[in-house]
Amino acid sequence: LRRRNFLCLLAVAAALAAPPAPNPKKPRLVLAIVIDQFRYDYLLRFRDDYHSGLARLLDGGAVFTDAHFLHAATVTAVGHATFLTGATPSESGIIGNEWYDRSSGQTVTSVSDPDTKAVGGVPGAAGASPRRLLVSTLGDELKMSTPGSRVIGVSIKDRGAILPSGHMADGAYWYDPDSNHWITSSYYRAELPPWVKSLNDEKTFQRYVGAKWLPVDARDESAQPFCTMLSGTAVRYCGSLEATPWGNEMIEEFAERALVNEDLGHHAGVDLLTVSFSSNDYVGHDVGPDDPAIRDLSIRTDRLLGKLFDAVEQRVGAGNTLIVLGSDHGVAPMPEVNQARHMPGGRLSAERVRKAIADALTQRFGPGDWLLPSGSDMLYLNLKLVASLNLDSAAVERAAAAAARAQDHIARVYTSEDLRTGNVQQDAIGRAFSVQYYAPRSGNLFILPEPYYTFYASMAFHGTPYDYDTHVPVMFLGPGIKPGTYPGRIAPNDIAPTLAAMLGVAQPSGCIGRVLSEMMQ
């Protein structure tokens, strides 16, 4: 026994004397990718078709299989704001793609900014900025911690480029279909950099004039196309360049140009490149998640990611880039597809619900314009009318909520008073609406249809706290990452604090996520 104790003491002493294990080296570049409207199950359904970028992440990265957003409004702006802030809408102030602004009496977008102008597109067009985002991003914390860092964001959508890259980004660029130019905003700079001007001068969009979107495994031009850029034919018109795989190709090409011309990965601090692939969302709305075009676009996205990863490795060097990939939301099946499968689902009339609410308020409190301009699931009461009649706003909200609940296929209705006071069910959906609410911007009435029902008349849509909208991929690859499959429940809010911990910078100011230490070497 005495000998055993002596050996134990020797082992402890040796452990204490041993030098600490070296920390994994910091990357020179963080490549943060969002695939817009990419459900987690696309990784499973099309796994055998992935042989490039997604395959590298799945085979050699840390793959979190049960990542769900915490908020209720699973839409593009909110998901992109969450990605590198770790904040919920209640902290970030980004409560939707757009909302009614009571101070101006106008509907505003998540990135609209009347004090800016577009740079590089139609002269005099409105600009955009991250000023409505109330919290810092990972890029902001990088810039404040290490002034040598450089941050660039790119997407077809302005919000997809602006919200992940943050307030202090060196540039955010998006595509303007009116001018067919890549543009930015006067918030960032007075004119486009020469390399962006050069790319615009190449008129790359002309490659796709009259093009047909053929399946990736088509043998020849005789294959049936998914759509065409020629209108007036028997084949479905694609509608816009954004709603084709070529939109993603243009994003990837821009990202490669940014990599080279901004010399990313070669500055004194860690650089950050945020890339949001938008075409998956445009196509998904048009055809729904069960259409063969989604498989085809997913395969093409896998190949584009592989191309981008190769370019990054060639430019920055092997083992010097930390990659994180996520999505901003999922999507529900087309109601018509669900009905054919004998599943629940259908299309609801937003106007019918609004009319029922307005009629109920008129009957109880008197005539007036009770509802202000708004979307279908977050309604704003005319509070000036409420005040002029000396009414209690909470009582008016309750009456409006009762009228909404009486409509077919409405699962829940919350009022702003409910969310301010915590009068919600203590389940995932109740909590999702609680963290969605930001009083200075949110509406008075929050309406949730039953699963698979939507207020949209013709497209597939998302925007609910149901699993098909909240469940998204989260994958990491690079230095300091322990490859494997991680089945524990996480949230995309955990991405930002994890990256902050790995880079040795402060967590973003509104971050509520945790560090995913289980995957860190």
Side-chain angles (χ1 to χ4, degrees), residues 33-47 50 54 57-58 63-83 88-89 94 96-97 155 157 159-160 163-164 243 248 276-298 301-302 324-338 341 343-345 377 411 428-429 431-433 435-436 448-456 459-475 487 489-495:
I33 297 169
V34 178
I35 308 178
D36 202 325
Q37 195 187 123
F38 196 84
R39 290 168 34 144
Y40 174 79
D41 68 316
Y42 292 171
L43 293 180
L44 306 178
R45 287 164 55 187
F46 313 131
R47 178 63 185 92
Y50 298 144
L54 288 173
L57 288 160
L58 289 165
V63 181
F64 290 88
T65 62
D66 199 24
H68 291 260
F69 280 107
L70 304 175
H71 51 260
T74 43
V75 295
T76 297
V78 184
H80 279 77
T82 302
F83 182 49
T88 59
I94 303 300
N97 290 333
S155 177
K157 300 179 181 181
R159 56 189 180 268
L163 294 173
N248 277 353
S276 174
F277 289 99
S278 308
S279 292
N280 306 71
D281 185 65
Y282 287 100
V283 174
H285 281 301
D286 285 347
V287 302
D290 301 290
D291 192 272
I294 296 301
R295 170 184 172 269
D296 191 87
L297 184 55
S298 298
T301 304
D302 167 61
V324 58
L325 182 143
S327 180
D328 54 349
H329 54 73
V331 67
M334 285 281 196
E336 295 77 13
V337 171
N338 254 13
R341 297 189 285 212
M343 287 287 290
D377 49 8
I429 291 177
R431 290 190 294 273
F433 278 95
V435 300
Q436 180 68 41
L448 176 65
E450 293 172 358
Y452 303 117
Y453 283 85
T454 180
F455 285 116
Y456 290 84
M459 64 176 67
F461 213 76
H462 46 85
T464 75
Y466 297 128
D467 275 18
Y468 48 75
D469 284 344
T470 65
H471 193 190
V472 294
V474 170
M475 297 187 283
R489 185 83 164 211
I490 70 160
N493 306 70
D494 301 329
I495 294 171

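In this chain, residues are counted from 1 in sequence order. Keep in mind that this is a model prediction, so the values were computed, not measured.
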Going by heavy atoms in the side chains, are [X] and [Y] under 4.5 Å from each other?
{"X": "L297", "Y": "N248", "value": "yes"}
{"X": "D290", "Y": "R341", "value": "yes"}
{"X": "L325", "Y": "L54", "value": "yes"}
{"X": "R159", "Y": "I94", "value": "no"}

List the atom of [X], the atom of [Y], and the distance in Å for their closest heavy-atom pair.
{"X": "R295", "Y": "F46", "answer": "CB-CE2, 3.5 Å"}
{"X": "A332", "Y": "D469", "answer": "N-OD1, 3.6 Å"}
{"X": "H285", "Y": "A460", "answer": "ND1-O, 2.7 Å"}
{"X": "V75", "Y": "G96", "answer": "CG2-CA, 4.0 Å"}
{"X": "H471", "Y": "D66", "answer": "NE2-CA, 3.7 Å"}
{"X": "T76", "Y": "N97", "answer": "N-OD1, 3.5 Å"}

Please assess I429 against Y466 for the test side-chain contact (heavy atoms from CB on, under 4.5 Å), listing each intermediate value before the final yes or no. CA-CA 8 Å; I429 291 177; Y466 297 128; 3.8 Å; yes
Looking at CG of D36 and OG of S155, how far apart are the two atoms once the value is rounded to the nearest 0.5 Å?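 Reported to 0.5 Å precision, the distance equals 7.0 Å.
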Can you check whether Y452 and Y468 have ring centres sitting under 6.0 Å from each other?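 Between Y468 and Y452, which both carry aromatic rings, the centre distance is below 6.0 Å.
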Worked check of side-chain contact (heavy atoms from CB on, under 4.5 Å) between D328 and F83: CA-CA 8 Å; D328 54 349; F83 182 49; over 6 Å; no
Whether H71 and F69 hold their rings parallel, tilted or perpendicular, with breakpoints at 30° and 60°: tilted
